[in-house]
Amino acid sequence: MRLKRTVYIGELNKSFIGKEVTVSGWVLRRRDHGGVIFIDLRDRSDLLQVVFEEGIDPKVHEIADEIKIEYVISVKGKIRRRPLGMENPKISTGEIELVAEEVEILNTSKIPPFSLDEDISEVSEALRLKYRYLEMRSLGGLKPFIFRHKINQTIREFLDKRGFLEIETPFLTKSTPEGARDYLVPSRLYPGRFYALPQSPQLFKQILMVGGVDRYYQIVRCFRDEDLRADRQPEFTQLDLEMSFIEEKDIMEVVEELLSYLFEKILGKTLSTPFSKISYQEALRDYGTDRPDIRFDLKLREISSLAENTSFQVFRNALKQGGVVKGMKVSSIFSRRELEELTQISQELGAKGLAWIRYQKGASSFQERWSSPIVKFFEPSLLEKLEEVFDLNEESATLFFIADKEEVANFVLSELRKHLAQRLNLISENTFSFLWIVDFPLLEWDEKEERLVSVHHPFTHPKEEDLELLEREPLKVRSRAYDIVLNGVEIGGGSIRIHKRELQERIFKLLNISPLEAEEKFGFLLTALEYGAPPHGGIALGLDRLIMLMLGKKSIREVIAFPKTQKAQCLLTGAPSEVKVEQILELHLLPGWERKAMVR
RNA sequence: GGGGCUGUAGCUCAGCAAGGUUAGAGCGCCUGCCUGUCACGCAGGAGGCCGCGGGUUCAAGUCCCGUCAGCCCCGCCA
């Protein structure tokens, strides 16, 4: 390399006029006029017009003639004010240009498979992933990653000030039952044995608390071998933290302060704290989901007792079968066609149908206010009650009802709620509504496995006041867990942990984990709890999701440098790939390894 | 494991409902011209396994079946 860069393009401004600089980067565009050639040169920071004039040096002009798009070049020359009327207000360096005196082609480039000049987001994602480096190189292509870098730096700065220690935990660790499917790593030295990649550093951070660390955090990769979604990748990053000698509100405060600091410093947005907090039960009752988007209202209302008094068989049958009737008011009216479409959406989500009532206040008589195929099943007094329950005081509105098992009604209405909010433009863009969900049940019944399983994880502390219910009515026990939801997306969850062996053993027993298995899988934790484990708790925030939301992206793939496709492939490298037979043999993965393992 | 959308030139897409001439457009690419452009312009040109396989038909980009890939979702994700 003959010409060494002296300055980033982004640093250039009018004060450089007359000065000699060398810039290095990639050719975005060239405009060839024969005698004069313009090249828009781009580096990580910005874009600059370089001018090659024939008169200056014929050799330089000859080289400039060969330069094509995406060639890597260094150019030395003087910064000059652009001639009057030739400024380009569209680019930040539009008042100046670089007059090339020397040029060096550092590398050529094939014609890129897609234009790096236009809006890259229009290009199919598969192609962008295969050529991720080209997408990154395009104008603004690094933005999400620069943003992410700032987030990481700011998190570290904040937590360091608060006395948190960043401590790394192993990736090659132990497979644990419960939770997601593990990624396994075969052990070469121990035939038939496997490491597992961590689903989270949960147990290690608890052990760190026993170790007296007191305040721990880590920006850490986690691995879960489950199916992918727009907000789920097999490897993802958590901001994991844990504190000793604290209660729920201490964790919530730290998180609220951290998020406020991040939003203020990086987005210039002031969050109002404390964040809203509702119980799991309220969330389900009012929104039908444990991660409601509260940027808009549209609360659900249960009208089971009212529905019982109608003569509408659909409602009555649902109730007879132990179901509920829940509804939602929308301050708009819909065409028949739209209502049919909404019904179809509801059915695709699992409802048998969607009942609706159109309400128009201005109608001449009470009866005419209500129009719906089902309104004939309602006595006037019931309609009056509906008016009350749904606080009908607008000019026109539509009520939607689902009659079904509670879970179905909740699920369908919560999805319908999101759908309608979007469709009716009820979501104000660029707002960030945080919400804590608390008082989760500790346990739930798993139909398939026919046993109790943890809602959060087996190390979650039950509420003190519910402890006596543990064995008697385990499903009524609430936990000391909390989730944090941003705009309807779960961005984190945590809990106060069990710090006494005896309670931990009781929980394992409830989960149908035998003492033997508990010892085998979690013995190291149980032992640690016996040596003076302090009360502790923590939280993990899904960093990919948080950054996605902060940037207004629809998928975490947009904020991960090299993400996997929905079928868990890396289009850049081709992983997962086949390996040599030798490697498989060495890892004892061929049939028969069990026997070898037993012989050992 | 299941449901939905998509797959046509290097890229973005039209054509498919209702099968029928040589499969089009914009951008990009190639050659030439051009000393003030900035998505430069002008003239000319190249470029297609219509994802893949099978079927129906005189005839398939278009209809049917299967399959693969990308995306969205359900299940799954303590």
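Remember, predicted model here, so these are calculated numbers, not experimental data. Protein chains get the first letters and strands the later ones, always in sequence-line order, with residue 1 at the start of each.
Within 4.0 Å of A:E444, counting heavy atoms only, lies no atom of the nucleic acid at all. As judged by a 4.0 angstrom heavy-atom cut-off over every strand, A:R128 is placed among residues making no nucleic acid contact. Residue-level contact check: A:D32 touches the bases, meaning some heavy atom is under 4.0 Å from a base atom. In this structure, A:P458 reaches the bases: a heavy-atom distance under 4.0 Å links it to at least one base atom across the strands shown. At the heavy-atom level, A:R229 lies under 4.0 Å from base atoms of the strands shown. Contacts of A:V123 with the nucleic acid, taken as non-hydrogen atoms under 4.0 Å apart, involve only primed sugar atoms and P, OP1 or OP2. Residue A:R291 is classed as having no contact, given no heavy-atom separation below 4.0 Å to the nucleic acid. Residue A:E87 is in base contact, counting any heavy-atom pair closer than 4.0 Å across all strands shown. Among the protein residues, A:I91 comes within range of no part of the nucleic acid, since none of its heavy atoms lies under 4.0 Å from any strand. Contacts of A:E348 with the nucleic acid, taken as non-hydrogen atoms under 4.0 Å apart, are absent.
Between A:S124 and B:rU12 there is a side-chain N or O to OP1 or OP2 distance below 4.0 Å. The side chain of A:K130 contributes no N or O atom lying less than 4.0 Å from OP1 or OP2 of B:rG70.
At a cut-off of 3.5 angstrom, counting only N and O atoms as typed in the model, there is no donor on one side facing an acceptor on the other between the side-chain of A:R181 and the base of B:rG75. Side-chain atoms of A:D227 come within donor-acceptor range of the base of B:rG75, with a qualifying N/O pair under 3.5 Å. At a cut-off of 3.5 angstrom, the base of B:rC77 holds at least one donor-acceptor pair with the side chain of A:R232. Checked by distance alone, A:E97 brings a side-chain donor or acceptor within 3.5 Å of a matching partner on the base of B:rG36.
B:rG20 and B:rA60 are spaced 11 Å apart, taking the P atom of each and rounding to whole Å. Comparing B:rC50 with B:rA9, their P atoms sit 9 Å apart, to the nearest whole Å. Separation of the C1' atoms belonging to B:rG24 and B:rG41 is 25 Å when rounded to the nearest angstrom. Here the separation of B:rC13 from B:rU6, taken at their C1' atoms, is 12 Å to the nearest Å. With P as the reference atom, B:rU57 and B:rG75 are 44 Å apart, rounded to whole Å. A gap of 16 Å separates the C1' atoms of B:rG48 and B:rU12, to the nearest Å. Across the C1' atoms, B:rG61 and B:rA14 are found 12 Å apart, a figure rounded to whole Å. Comparing B:rA46 with B:rA23, their P atoms are spaced 14 Å from each other, to the whole Å.
For the residue pair A:T93/A:D46, the side-chain donor-acceptor check at 3.5 Å is not satisfied. Judged by distance alone, the side chains of A:R557 and A:Q566 never bring a donor and an acceptor atom under 3.5 Å apart. In this model, a donor atom of one side chain and an acceptor atom of the other lie less than 3.5 Å apart for A:E348 and A:Q344. Judged by distance alone, the side chains of A:Q218 and A:T169 do bring a donor and an acceptor atom under 3.5 Å apart.
Taking atom CD of A:E135 as the reference point, atom P of B:rU12 lies 12 Å away to the nearest angstrom. As a whole-Å value, the separation of A:K567 NZ from B:rG2 P is 11 Å. Taking atom CZ of A:F52 as the reference point, atom P of B:rC34 lies 19 Å away to the nearest angstrom. Across the protein-nucleic acid pair, A:L129 atom CG and B:rG70 atom P stand 10 Å apart, rounded to whole Å. Rounding to whole angstrom units, CG of residue A:D231 and C1' of B:rC73 are separated by 11 Å. The separation between A:E226 atom CD and B:rC74 atom P is 14 Å, rounded to whole Å. Rounded to a whole Å, the CD atom of A:E66 is 14 Å from the P atom of B:rC30. As rounded to whole Å, 15 Å separates atom C1' of B:rC29 from atom CG of A:L116.
Of the listed nucleotides (B:rC11, B:rC72, B:rG36), B:rC72 has the atom at the smallest distance from the side chain of A:S555. Set against B:rC77, B:rG70, B:rC38, the side chain of A:Q49 has B:rC38 as its closest nucleotide. Listed nucleotides B:rA69, B:rC77, B:rC29 differ in distance to A:I111; the shortest reach to its side chain belongs to B:rC29. Looking at the side chain of A:Q566, the nearest of the listed nucleotides B:rC73, B:rG36, B:rC77 is B:rC73. Nearest to the side chain of A:A126, among B:rG70, B:rG36, B:rC77, sits B:rG70. When each of B:rC38, B:rG36, B:rC29 is scored by its nearest atom to the side-chain atoms of A:R31, the top-ranked nucleotide is B:rC38.
Comment: A:R478 does not engage A:E248 in a salt bridge, judged by the lack of any side-chain N to carboxylate O separation of less than 4.0 angstrom. For A:E235 and A:R221, the salt-bridge test passes: some basic side-chain N is under 4.0 Å from an acidic carboxylate O.
Between A:Q199 and A:L228, it is A:L228 whose nearest contact on RNA chain B lies nearer the 5' terminus. Nearest-nucleotide mapping onto RNA chain B: of A:P112 and A:K68, the residue sitting toward the 5' end is A:P112.
Surrounding CD of A:Q422 are at most 12 heavy atoms belonging to other residues, nucleotides or ligands under 6.0 Å away. Taking a 6.0 Å sphere around NZ of A:K174, one finds it holds more than 12 heavy atoms contributed by other residues, nucleotides or ligands.
Under the Watson-Crick and G-U wobble criteria, each requiring two contacts below 3.5 Å, nucleotide B:rC71 is paired to B:rG4. The nucleotide B:rC63 finds its pairing partner in B:rG55, both defining distances of the Watson-Crick or G-U wobble pair being shorter than 3.5 Å. Applying the Watson-Crick and G-U wobble criteria (two distances, each under 3.5 Å), B:rG26 pairs with B:rC11.
A:K205 places a side-chain N or O within donor-acceptor distance of the main-chain N or O of A:L241, the cut-off being under 3.5 Å. Under a 3.5 Å cut-off, the side chain of A:R29 and the backbone N or O of A:D117 do not form any donor-acceptor pair. With A:R42 contributing its side chain and A:S138 its backbone, the two residues share no donor-acceptor pair below 3.5 Å.
For the segment residues 558-565 of chain A, the set of residues with a heavy atom within less than 4.0 Å of an atom of RNA chain B comprises A:T565, in numerical order.
An aromatic stacking contact between A:H33 and the base of B:rU37 is absent, as defined here by ring centres under 5.5 Å apart and ring planes under 30° from parallel. Stacking between A:F38 and B:rU37 is present: the aromatic ring centre lies within less than 5.5 angstrom of the base six-membered ring centre, and the two planes differ by under 30 degrees.
Ring geometry, A:Y280 versus A:F440: the interplanar angle falls from 30° to 60°, so the pair is classed tilted.
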